[in-house]
Amino acid sequence: MLVSILGGLAVASAARAAPGLEVTAVAIDGVERPVAATVRVPSSAGSVTFAFRETKPSPTMGGDARLRYRLDGRDTAWRDLPAAGRTLLWFVDKEGLVVAGLDEPIPGETPGWTGDVKTSAFVPQSISAVAPEGTSGVMVSFLSHSGEKVVGCLGIDEIRLTRERSGEEPQVLRLSPLEFAEQDIRPSSLPAGWQRVGTRPELSTVRIRTTPEPHPILVLDDDDARRFGNWTVTARVLPETRPGDRVTLSWTTAHSFGIGGDGTATYEGLAAGRYRLRVGAFRPDGNGPKQETGLELVLAPPFHQRRDVWAVGATGLVAAGVFAGRTISARRLKRTLDELERAHALERERARIARDLHDEIGAALTEIAMQADAVRHEVEDVASPEAMQLTDGICRSAVSLVRSVDAIVWAVNPANDTLNRFAAYLVQSTEQFLDAAGLSMRFQVPSPLPATPLAGTVRHRLLMAVREALNNVVKHACAQSVTLSLRLADGMLEIDVDDDGAGFDLTRPPADAEHDGLDNMRQRMGEIGGTCSIETAPGRGTRVRFQLPWPAEATPGAPTHA
Amino acid sequence: MRKINVALVEDDARLRKAVERGLAGADTCRLVGMFATAADAIRDIPALAPDVILMDVNLPDRSGVECVAELAPQLPGTQILMLTVYQDPDTAFQAIAAGAHGYLVKPVMPKRLVEAILEVREGGVPMSRAIARQVIEAFRTLQERQAAAATPSEKSPTATNDPLTPRERQVLELLVEGYSYKETAAQLGISIGTVGTYVERIYEKLHVSCRREMVAWSKSR
């Protein structure tokens with residue numbers, strides 16, 4: 001009885017813990033659309049982008065799958081996301097520091113890859129370079145890494161290192177066949193002279209290649225999207241190298257690399273019709289798929305080209321009854337498509353306005369500010385105090401407008417859609433603003449912050465709210481120092497603006513201007529589902545706290561669908 | 001005292017005019033050349049060997065950052081200040097990693113412009129808090145990458161050592177926390193000039209590290 005209860009529990013938790021796949025986002029011309037079993041797209045769409053990922057209860061649990069995709073109706077085979085391993089031929093100085101080096105990608109898949117490194121065909125490769133000033137040795141590495149998320153399998157054989165020095169015979173060092181201290185060679189055995197390094201050394205293994213005769217080779221068997229293996233042979237084993245020597249590394253390779261974790265695929269120029277996007281989870285060496293997910297994509301022709309709509313008008317009453325259902329759905333579809341196209345047009349228009357704001361208005365305002373400043377200096381000795389104040393005012397307004405334009409352009413740019421970019425901009429603009437006002441400042445902003453997505457509207461409102469608080473400090477608080485802190489805690493993104501100024505009595509209504517400022521902050525935060533609270537007392541400084549709900553899974557380390 | 005020779009790279013004619021007018025009024029600086037494109041600047045500035053280059057970030061043909069990457073190695077005695085409309089911390093940092101010595105966010109009033117030119121000439125290398133933040137991150141990333149590529153025996157004591165001295169790191173950390181040069185100097189019991197010297201060394205190490213890491217050296221094969 002007990003056994004069967006435990007068995008049942010195990011099955012339930014295994015079902016929850018089973019790795020899965022999901023399509024996380026669909027974007028038409030860069031504008032995100034809701035993910036559904038069927039996604040309808042206007043045929044005017046220039047590009048369709050899908051983001052997908054492997055969903056696992058924990059990123060450290062089990063091996064990562066290799067993600068492949070295909071769009072049935074367009075593709076006839078599975079596609080890999082671009083990925084590569086690397087070969088390094090590094091020149092190092094006496095202290096073992098890298099002076100310079102070659103960094104050769106090992107991209108994609110070799111022709112003759114069978115899905116198993118033991119039986120695949122090997123392809124010859126070589127790289128060569130002249131040792132620069134400061135060289136005292138070389139180092140050779142093979143890595144299953146070329147940036148993020150690489151998974152796959154790489155076999156290396158017939159490794160040779162040649163050193164040419166003028167006036168001497170070329171010296172050749174054969175690093176293959178591998179030599180071992182023990183008789184019984186296992187995947188974990190260590191060939192003489194080689195070292196396992198990388199962020200997960202055990203991904204570097206030894207296997208037996210069957211052709212021409214069974215012999216051991218170096219293999220990187222990488223099923224970890226976050227970490228990589230590295231087979232390295234150090235300077236001590238290799239021939240001594242001096243500046244001016246030509247060093248050539250040659251080897252043969254059989255490999256297949258792809259991407260694990262998450263990825264995106266973009267299709268352009270799709271004709272009207274029905275498609276099916278398929279995402280597959282493969283073994284790192286390319287075998288599979290062991291699991292699959294997907295969605296339907298419908299690119300409808302423009303409304304006026306649709307024969308079925310016109311057909312209804314041309315058919316008699318009886319036929320109209322039959323086709324009625326279809327006409328209605330066609331109308332509804334057209335309405336949806338129109339909405340999509342409007343939203344798309346709006347996005348494009350917004351980007352254009354932002355560019356124009358930057359190029360034209362930004363430059364013109366800069367000119368106005370500089371001219372007003374020049375006038376002020378010209379007339380300094382002769383003008384009335386009022387005239388001086390007016391030119392000062394022009395200058396200040398122009399400068400503050402440039403900053404506002406800047407913030408809008410920054411917020412509209414989708415490249416800034418992450419928390420870390422927001423923090424960097426917040427620190428920089430706060431620094432500029434407080435420096436100009438002559439206040440000292442402290443920052444408590446963690447570094448590094450995750451690249452969690454943060455939409456343009458949210459970023460802009462949040463930024464404006466914090467600026468309002470800083471503005472209030474400079475205008476009303478008589479403060480000397482401001483502390484800006486940002487943290488992620490308890491499902492909240494929290495930003496505090498603390499000053500050491502006069503503070504005020506929260507129970508007595510503040511002056512109109514201040515009141516407006518407080519209202520503005522509350523409103524801006526309310527619009528994005530956040531709050532703004534104030535802690536203050538006369539003579540005690542002021543703390544303005546902005547809080548925004550922050551999904552728990554979006555805290556550090558969470559994958560983003562980029 | 002010899003005037004400081006300044007070259008300007010800026011595609012907007014109105015702003016070229018405004019900077020020209022601003023520098024004309026200063027008796028410490030002299031404008032020796034104005035360029036509207038990166039191509040012109042890369043072709044002609046090396047011959048001028050100015051003391052200071054004012055470089056716009058957004059140029060029509062190539063980015064100001066690429067322009068810096070071309071010019072900086074040819075002109076070791078020249079300081080480059082970036083002019084940017086965007087308060088874009090990433091672009092500013094890229095320019096600095098490529099060899100620029102600081103950046104000014106437009107609009108820059110002529111008085112401030114002249115001050116900045118004098119400061120950078122007198123070795124008062126500026127580093128904003130936002131840039132300090134990115135510099136720390138860059139060193140951290142470089143170290144992680146080296147640690148990942150290094151063999152265990154090389155992990156100590158030299159290869160993965162912090163490229164910054166403890167004092168340089170202290171300066172950087174205080175800047176990140178929002179301290180000004182003056183406050184940093186007071187905190188560490190050193191002069192403002194010494195803070196500037198530390199910052200200059202940090203920049204040098206950043207340039208060297210970035211070059212080691214990024215510059216494609218593979219041409220010689």
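Protein chains get the first letters and strands the later ones, always in sequence-line order, with residue 1 at the start of each. This one's a predicted model, so the numbers in the text were calculated from it and none came from an experiment.
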Query raised in the report: If you draw a 6.0 Å radius around CD in B/Glu173, do more than 12 non-hydrogen atoms from other residues or ligands fall strictly inside?
Result: yes
**Report entry** Top of A/Val427, A/Asp373, A/Leu365 for chain B proximity - count of heavy-atom pairs under 4.5 angstrom
**Finding:** A/Asp373
Report task. With a 4.5 angstrom heavy-atom cut-off, could you sort out which part of A/Val482 is near chain B: side chain, backbone, both or neither? Result -> neither
Query - Non-hydrogen side-chain atoms of A/Thr366 and B/Arg14 separated by less than 4.5 Å - result: no
Requested in this report: Give, for atom CE of A/Met441 and atom CD of B/Glu183, the distance between the pair rounded to the nearest 0.5 Å.
Outcome: 8.0 Å
Query raised in the report: Can you tell me how far the CD atom of A/Gln428 sits from the CZ atom of B/Phe93, to the nearest 0.5 Å?
Result: 12.5 Å
Requested in this report: Could you look at B/Arg140 and say if it's the side chain, the backbone, both or neither that has a heavy atom under 4.5 Å from chain A?
Outcome: side chain
Report summary line: Turns out that what part of A/Gln444 lies under 4.5 Å from chain B's heavy atoms comes down to neither
**Report entry** Under-4.0 Å salt bridge between A/Asp435 and B/Arg129
**Finding:** yes
Query - Residue selection (most heavy-atom pairs with chain B, distance under 4.5 Å) from A/Ala407, A/Pro201, A/Cys395, A/Ala369 - result: A/Ala369
Report task. Using non-hydrogen atoms and a 4.5 Å limit, figure out which bit of B/Ser128 sits close to chain A: side chain, backbone, both or neither. Result -> both
**Report entry** Verdict with reasoning, B/Asp12 to A/Glu367, per side chain to side chain contact (heavy atoms under 4.5 Å, CB included)
**Finding:** CA-CA 10 Å; B/Asp12 192 300; A/Glu367 193 191 16; over 6 Å; no
Query raised in the report: With a cut-off of under 6.0 Å to the ring centre and 45° to the axis, is A/Arg442 in cation-pi contact with B/Tyr179?
Result: yes
Query raised in the report: What distance separates B/Leu113 CG from A/Met370 CE, expressed to the nearest 0.5 Å?
Result: 6.5 Å
Query raised in the report: Heavy-atom distance under 4.5 Å to chain A: side chain of B/Glu137, backbone, both or neither?
Result: side chain
Query raised in the report: chain A heavy atoms under 4.5 Å from B/Val176: which part of the residue, side chain, backbone, both or neither?
Result: backbone
Query - Closest contact, heavy atoms only, B/Arg133 versus A/Val445 - result: NH1-O, 3.0 Å
Requested in this report: Go through the atoms of A/Ala398 and report whether side chain, backbone, both or neither lie under 4.5 Å from a heavy atom of chain B.
Outcome: neither
